[in-house]
Amino acid sequence: MAWIVLVLSGLLETAWAIALDRSAGFTRPVASVVFVITLVLSMAGLAYALREIPVGTGYAVWVGIGAVGTALVGMVALGEPANLPRLLSLLLVVAGVIGLKLFH
């Protein structure tokens, strides 16, 4: 269960990062509220998962999922460049996250 919660929390990290961008420095109320809610839920899920998963592994997986998710949303929906070096770099992050899970 801890791993499922950790993955969901990583996805929520992507949500709060995008909401933070969309809040335009907290000048847009809806995006700002989405940011706060998803941030709290993401942190709460990480805290829950760390009861069973070592902090180094859990935090690295959480950040990796959030970073890859945020970068992919940026590329797919926000017009950020999606060139081969960037995609290969994201693949390396994914490989690291998988490795941390496999060798946990």
Side-chain angles (χ1 to χ4, degrees):
M1 184 64 167
W3 281 99
I4 293 169
V5 172
L6 183 63
V7 169
L8 292 174
S9 295
L11 295 173
L12 284 169
E13 184 185 1
T14 295
W16 69 250
I18 298 301
L20 179 61
D21 175 62
R22 294 300 181 204
S23 76
F26 300 114
T27 59
R28 297 182 178 149
V30 173
S32 298
V33 169
V34 170
F35 163 74
V36 171
I37 291 169
T38 54
L39 176 67
V40 169
L41 291 173
S42 180
M43 292 291 176
L46 175 62
Y48 174 84
L50 292 181
R51 297 188 318 181
E52 294 182 28
I53 300 169
V55 67
T57 301
Y59 183 73
V61 169
W62 179 76
V63 168
I65 292 168
V68 169
T70 302
L72 289 175
V73 170
M75 290 178 202
V76 171
L78 304 178
E80 295 178 10
N83 53 45
L84 185 59
R86 291 188 76 192
L87 294 171
L88 289 175
S89 296
L90 290 177
L91 187 59
L92 289 172
V93 175
V94 170
V97 168
I98 292 170
L100 287 169
K101 168 61 173 125
L102 290 176
F103 302 115
H104 162 69

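Residue numbers run from 1 in the order of the sequence given.
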How far apart are the closest heavy atoms of L46 and G58, and which atoms are they? CD1-O, 4.1 Å
Specify the closest pair of heavy atoms between V55 and L50, including all atoms of both residues, with the distance to one decimal. CA-CD2, 3.7 Å
Interatomic spacing from CG in L88 to CG in L84 - rounded to 0.5 Å: 4.0 Å
Cluster check L12, V33: I/L/V/M/F/W/Y, side chain < 4.5 angstrom: yes
Against I65, only a single residue in V93, L6, V94, L11 fulfils side-chain contact (heavy atoms from CB on, under 4.5 Å); can you say which? L11
Aromatic rings W16 and W62: how do their planes relate, parallel, tilted or perpendicular, breaks at 30° and 60°? tilted
Heavy-atom nearest pair, A60 first then V97, reads O-CG2, 4.4 Å
Going by the side-chain contact (heavy atoms from CB on, under 4.5 Å) test, name the single residue among Y59, Y48, W3 that passes it with I53. W3
Identify the two heavy atoms, one from S9 and one from L41, that lie closest to each other, and give their separation to 0.1 Å. OG-O, 4.3 Å
Would V34 and R22 count as a side chain to side chain contact (heavy atoms under 4.5 Å, CB included) if you check the C-alpha gap in whole Å, the side-chain angles of each, and the deciding distance to 0.1 Å? CA-CA 10 Å; V34 170; R22 294 300 181 204; over 6 Å; no
When you measure from the side chain of S42 to the backbone of L39, do you find a donor-acceptor pair of N or O atoms at a distance under 3.5 Å? no
Go through it in stages, so that I can follow the logic: the residues are F35 and I18, the test is side chain to side chain contact (heavy atoms under 4.5 Å, CB included), and I'd like the CA-CA distance, side-chain angles, deciding distance and then a yes or no. CA-CA 8 Å; F35 163 74; I18 298 301; over 6 Å; no
Tell me whether V36 shares a hydrophobic cluster with F26, the cluster being built from Ile, Leu, Val, Met, Phe, Trp, Tyr side chains joined at under 4.5 Å. yes
Please report the interatomic distance CD(E80) to OG1(T70), rounded to the nearest 0.5 Å. 9.5 Å
Close side-chain approach of M75 and L87, heavy atoms under 4.5 Å: yes
Determine the minimum heavy-atom distance between A49 and A2, stating which atoms define it. CB-O, 3.5 Å
Test of understanding: clusters of I, L, V, M, F, W, Y form through side-chain heavy atoms closer than 4.5 Å, transitively. Do L72 and L92 belong to the same one? no
Is it the case that one hydrophobic cluster holds both V63 and V61, taking links as side-chain heavy atoms less than 4.5 Å apart, direct or via other members? yes
Treating Ile, Leu, Val, Met, Phe, Trp and Tyr as nodes and any side-chain heavy-atom pair under 4.5 angstrom as an edge, say whether L8 and L100 lie in one connected cluster. yes
